[in-house]
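What follows is a set of notes on a single structure, which appears directly below.
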Amino acid sequence: MTLAATLAITPLYAGLLGLIFFGLSLRIPRLRMRYRVGLGDGDVPVLRQAVRVHANFAEFVPFILVLMAFVELAGYSAWFIHFLGIVLVMARVLHAYGLSQSPNHSPGRFIGTVLTLFTLMGCSLLLLLKFALSW
């Protein structure tokens, strides 16, 4: 059995999250052009927010997708992998929207952060449980 054949669900969510990341990536050069900033955020608050939304996505999503792939490879049920994927997509959309609206606290940012951390912790604990039970 090949690795591609055993990962049937996680690639779907990787693709969806990749499209979200692409959208977040497009915002930064447009804002840099609008505010004539060549590098960094130029001390422009809206550009700083866009950079942080993009960076936060890049900091969390790839690692969680790797964990999700391991959870899928560990043999957990398809509905559970879909649950993790749906929660992660919702979390990242809420977080991006919330942080884009306000650099301070916002419901979307808070809920997105909580759900992202829930997914991270859930995947991690599932993998540790699988390891402990197979030992």
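For reference, positions follow the sequence shown, starting with 1. This is a predicted model, so every value here is computed, not measured. Computed from heavy atoms alone, side chains included, the values below leave out hydrogens, waters and symmetry copies.
Every residue two or more places apart in sequence or in another chain was checked for a ring pair (Phe, Tyr, Trp, His ring centres under 6.0 Å) with Phe70, and none qualifies. Tyr13 pairs by the ring pair (Phe, Tyr, Trp, His ring centres under 6.0 Å) definition with His82, not counting sequence neighbours. For Trp135, the ring pair (Phe, Tyr, Trp, His ring centres under 6.0 Å) criterion is met by Phe131, not counting sequence neighbours. Residues forming a side-chain hydrogen bond (donor to acceptor under 3.5 Å, both in side chains) with Ser77 (at least two apart in sequence, or on another chain): Trp79. Judged as a side-chain hydrogen bond (donor to acceptor under 3.5 Å, both in side chains), and not counting sequence neighbours, the contacts of Thr10 are Glu72. Remark: Phe110 engages Val114 in a side chain to side chain contact (heavy atoms under 4.5 Å, CB included) (not counting sequence neighbours).
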Please report the C-alpha distance between Leu84 and Tyr76 in whole Å, then the side-chain angles of each, then the deciding distance to 0.1 Å, and finally whether the side-chain contact (heavy atoms from CB on, under 4.5 Å) criterion is met. CA-CA 11 Å; Leu84 293 169; Tyr76 284 95; over 6 Å; no
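A salt bridge (charged side-chain N to carboxylate O under 4.0 Å, His left out) check over residues 6-18, counting only residues at least two apart or in different chains, returns nothing. Annotation: salt bridge (charged side-chain N to carboxylate O under 4.0 Å, His left out) contacts involving residues 46-68, sequence neighbours excluded, comprise Asp41-Arg48, Asp43-Arg48, Arg52-Glu59.
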In a table with atom names and distances, give each donor-acceptor pair under 3.5 Å that connects a side chain of residues 86-98 to protein atoms at least two apart or in another chain.
{"unit_1": "Arg92", "atom_1": "NH1", "unit_2": "Asn56", "atom_2": "OD1", "d": "3.4"}
{"unit_1": "Arg92", "atom_1": "NH1", "unit_2": "Thr116", "atom_2": "OG1", "d": "2.8"}
{"unit_1": "Arg92", "atom_1": "NH2", "unit_2": "Asn56", "atom_2": "OD1", "d": "2.5"}
{"unit_1": "Arg92", "atom_1": "NH2", "unit_2": "His95", "atom_2": "ND1", "d": "3.4"}

Please set out all donor-acceptor pairs under 3.5 angstrom arising from side-chain atoms of residues 19-33, sequence neighbours excluded.
{"unit_1": "Ser25", "atom_1": "OG", "unit_2": "Phe21", "atom_2": "O", "d": "2.7"}
{"unit_1": "Ser25", "atom_1": "OG", "unit_2": "His54", "atom_2": "NE2", "d": "2.9"}
{"unit_1": "Arg27", "atom_1": "NH1", "unit_2": "Ser100", "atom_2": "OG", "d": "3.0"}
{"unit_1": "Arg30", "atom_1": "NE", "unit_2": "Leu26", "atom_2": "O", "d": "3.4"}
{"unit_1": "Arg32", "atom_1": "NE", "unit_2": "Gly40", "atom_2": "O", "d": "3.1"}
{"unit_1": "Arg32", "atom_1": "NH2", "unit_2": "Gly40", "atom_2": "O", "d": "3.2"}

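Residue Leu128 is found outside any hydrophobic cluster, as its side-chain heavy atoms come under 4.5 Å of no other Ile, Leu, Val, Met, Phe, Trp or Tyr.
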